[in-house]
Enquirer: 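Structure in structure tokens, see below.
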Amino acid sequence: VKIYTILVDALCKEGKVEDADGVIHFMIQRGQHPNVVTYTSLIDGYCLRGEMRKAREVFDLMGFRGLVPSVVTYNSLLNGYCKNLKIEEALLLFHEIIKKGMKPNVITYSTMLQGLFRVGRCKAACELFNEMRVHNQIPDKCTCRIVLEGLCNNNQVDEALSLFHLMGDNKLNSDIVVYNVLIDGASKNRKLDIARNLFKDLVVKGLQPNVRTYNVMVSGFCREGLMGEAKELLVEMEESGCPPD
RNA sequence: AAACGACUCC
């Protein structure tokens, strides 16, 4: 079952969901019954393609077959709803997890947070962000990135920055991805001065800008028509051993 | 642990 499941998962990740479904039928014929992990992989496959109806069918089918969805199963389906902006379904599912007596984990919360931010429901997102600590789910780097990006995408760069500073002296400060998120957020909100400061700041902290950092800065400059500065950065990329892609 | 969340452009 394990080896078949690995196959199902790999096929799903390549978008070959119908092949994966075929493998599952084959498994059943052979008396090798798919388990929760197998079905979860298939659900994730459908979600990645935005086929939420099919994903839901598989989810329900699991139930009929007497399998109990795990928190990962819920997370996969939740992610599908969030990515496809079906926020009401996502919220329903989120509450269903709790009703079933399961414990949402940090990934559940992060996924839900991202969904709320994507539809512009910042207030609800921030409340959820507070609520997760109450339930002893400690936000990790990934959660923080989602929240900061969510704020930036909703024209709340200043709030994102003060939150970033509040989060202070932990691992976030040495996370280049967080800087990428903030720099991109600032420049998209036409606050290039802030972006420039963040860029300086990360260098001061001894962080190495990566290709994405530069891409974000360069497009920021271009957006404002500052082609000179954009070119300077391209040169800097070559010099610092990080050639443009 | 065989399954889930994160950064630019596309």
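Protein chains get the first letters and strands the later ones, always in sequence-line order, with residue 1 at the start of each. Side chains included, hydrogens not; waters and symmetry mates left out as well; all remaining heavy atoms used.
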Enquirer: Which one, B:U8, B:A3, B:C7, comes nearest to the side chain of A:V177?
Expert: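 So the side chain of A:V177 is nearest to B:C7.
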
Enquirer: Among residues at least two apart in sequence or on other chains, which ones pass side chain to side chain contact (heavy atoms under 4.5 Å, CB included) with A:L92?
Expert: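 If we apply the side chain to side chain contact (heavy atoms under 4.5 Å, CB included) test to A:L92, skipping adjacent residues, there are no hits.
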
Enquirer: Are the side chain of A:N154 and the backbone N or O of A:Q156 linked by a donor-acceptor pair below 3.5 Å?
Expert: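 Flag not set: sc A:N154 to bb A:Q156 has no pair under 3.5 Å.
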
Enquirer: Record whether the side chain of A:S70 comes under 3.5 Å of the base of B:A3 through a donor-acceptor pair of N or O atoms.
Expert: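 For A:S70, whose side chain was compared with the base of B:A3, there is a donor-acceptor pair (under 3.5 Å).
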
Enquirer: Between A:E18 and A:R49, is the closest basic N to carboxylate O distance under 4.0 Å?
Expert: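 Salt bridge flag = yes for A:E18 with A:R49.
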
Enquirer: Of all the choices, B:G5, B:A3, B:C7, which nucleotide is nearest to the side chain of A:N180 once you look at every atom?
Expert: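 Shortest atom-to-atom distance from the side chain points to B:C7.
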
Enquirer: Distance check, C1' atoms only: B:C7 and B:A3, in whole angstrom units.
Expert: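 It comes out at 24 Å once rounded to the nearest Å.
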
Enquirer: Among B:A3, B:C7, B:G5, which nucleotide sits nearest the side chain of A:K13?
Expert: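 So the nucleotide nearest the side chain must be B:A3.
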
Enquirer: May I ask you to say whether A:K13 pairs ionically with A:D44, meaning some side-chain N is under 4.0 Å from a carboxylate O?
Expert: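 No, this pair does not count.
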
Enquirer: Starting at OH of A:Y46 and ending at C1' of B:A3, how long is that distance when rounded to a whole Å?
Expert: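 Distance check: A:Y46 OH to B:A3 C1' gives 16 Å.
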
Enquirer: Let's test your reading of the model: under 3.5 Å, does the base of B:G5 pair with the side chain of A:T143 as donor and acceptor?
Expert: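 Such a pair is found, so the answer is yes.
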
Enquirer: When you check the side-chain N and O atoms of A:Y46 and A:R56, is any donor under 3.5 Å from an acceptor?
Expert: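 Distance-only check fails for A:Y46 and A:R56.
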
Enquirer: Nearest to the A:S219 side chain among B:A3, B:U8, B:C4, which nucleotide is it?
Expert: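 When the side chain of A:S219 is considered, B:U8 is the closest of B:A3, B:U8, B:C4.
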
Enquirer: Atom CE of A:M112 and atom C1' of B:G5: how far apart are they, to the nearest Å?
Expert: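 Going from A:M112 (CE) to B:G5 (C1'), I get 13 Å.
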
Enquirer: What does A:D245 touch in the nucleic acid at a heavy-atom separation under 4.0 angstrom: a base, only the sugar-phosphate, or nothing?
Expert: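 Nothing, no heavy atom under 4.0 Å.
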
Enquirer: Tell me: OH of A:Y109 to P of B:G5, nearest whole Å?
Expert: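 For the pair A:Y109 OH and B:G5 P, the rounded distance is 19 Å.
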
Enquirer: Measure from the side-chain heavy atoms of A:S110 and tell me the nearest of B:C7, B:C4, B:G5.
Expert: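 Of the candidates, B:G5 comes closest.
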
Enquirer: Any residue in residues 211-218 of chain A with a heavy atom nearer than 4.0 angstrom to RNA chain B? Just list them by number, or reply none.
Expert: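 Contacts with RNA chain B under 4.0 Å: A:R212, A:N215, A:V216.
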
Enquirer: Between the side chains of A:S41 and A:T38, does any donor sit under 3.5 Å from an acceptor?
Expert: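 On atom types as modelled, these side chains do not qualify, holding no pair under 3.5 Å.
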
Enquirer: What's the CG-P distance between A:D184 and B:U8, to the nearest Å?
Expert: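 The answer, rounded to whole Å, is 6 Å.
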
Enquirer: One pair to check against ring pair (Phe, Tyr, Trp, His ring centres under 6.0 Å): A:F117 and A:F129. What are the steps and the verdict?
Expert: CA-CA 11 Å; A:F117 277 120; A:F129 186 51; 8.6 Å; no

Enquirer: Can you figure out which of B:C4, B:A2, B:G5 approaches the side chain of A:V72 most closely?
Expert: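 The listed nucleotide nearest to A:V72's side chain is B:C4.
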
Enquirer: Could you state the atom-to-atom distance from CG of A:L77 to P of B:G5 in whole Å?
Expert: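 Between P of B:G5 and CG of A:L77: 13 Å.
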
Enquirer: Taking only side-chain nitrogens and oxygens of A:K188, does any of them come within less than 4.0 Å of OP1 or OP2 of B:C7?
Expert: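 So the side chain of A:K188 is outside the cut-off, no N or O lying under 4.0 Å from OP1 or OP2 of B:C7.
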
Enquirer: Going by atom types alone, do A:N79 and A:T111 pair a side-chain donor with an acceptor below 3.5 Å?
Expert: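 A:T111 and A:N79 do not have a side-chain donor-acceptor pair below 3.5 Å.
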
Enquirer: Considering every strand and a 4.0 Å limit on heavy-atom distances, what is the contact class for A:N35: base, sugar-phosphate, or nothing?
Expert: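 The answer is base, as A:N35 lies within the cut-off (heavy atoms under 4.0 Å) of a base atom.
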
Enquirer: Can you tell me how far P in B:G5 sits from the matching atom in B:A1, rounded to whole Å?
Expert: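 Pairwise P distance, B:G5 against B:A1, rounds to 14 Å.
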
Enquirer: So for A:N75 and B:A3, does any side-chain atom that can act as donor or acceptor lie under 3.5 Å from a complementary atom in the base?
Expert: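 Donor-acceptor pair under 3.5 Å: no.
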
Enquirer: Please pick, from B:G5, B:C7, B:A3, the nucleotide with the shortest atom-to-atom distance to any side-chain atom of A:D9.
Expert: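 That would be B:A3.
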
Enquirer: If you only use heavy atoms from C-beta on, which nucleotide in B:A2, B:U8, B:G5 is closest to the side chain of A:V106?
Expert: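 Looking only at heavy atoms from C-beta outward on A:V106, the closest nucleotide is B:G5.
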
Enquirer: Check the distance between B:G5's C1' and A:Y81's OH and give it to me in whole angstrom.
Expert: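 Rounded to whole Å, this separation is 18 Å.
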
Enquirer: What is the separation between atom CD on A:Q114 and atom P on B:C4, rounded to the nearest whole Å?
Expert: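 Computing the A:Q114:CD to B:C4:P distance gives 15 Å.
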
Enquirer: Take atom CG of A:L182 and atom C1' of B:C7, then tell me their distance rounded to the nearest Å.
Expert: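 Nearest whole value for this atom pair: 10 Å.
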
Enquirer: Kindly check if the number of other-residue, nucleotide or ligand heavy atoms within 6.0 Å of NZ (A:K231) is above 12?
Expert: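 No - once you tally the heavy atoms of other residues, nucleotides and ligands closer than 6.0 Å, there are 12 at most.
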
Enquirer: Nearest to the A:E149 side chain among B:A3, B:C7, B:G5, which nucleotide is it?
Expert: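 Among B:A3, B:C7, B:G5, the one nearest the side chain of A:E149 is B:C7.
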
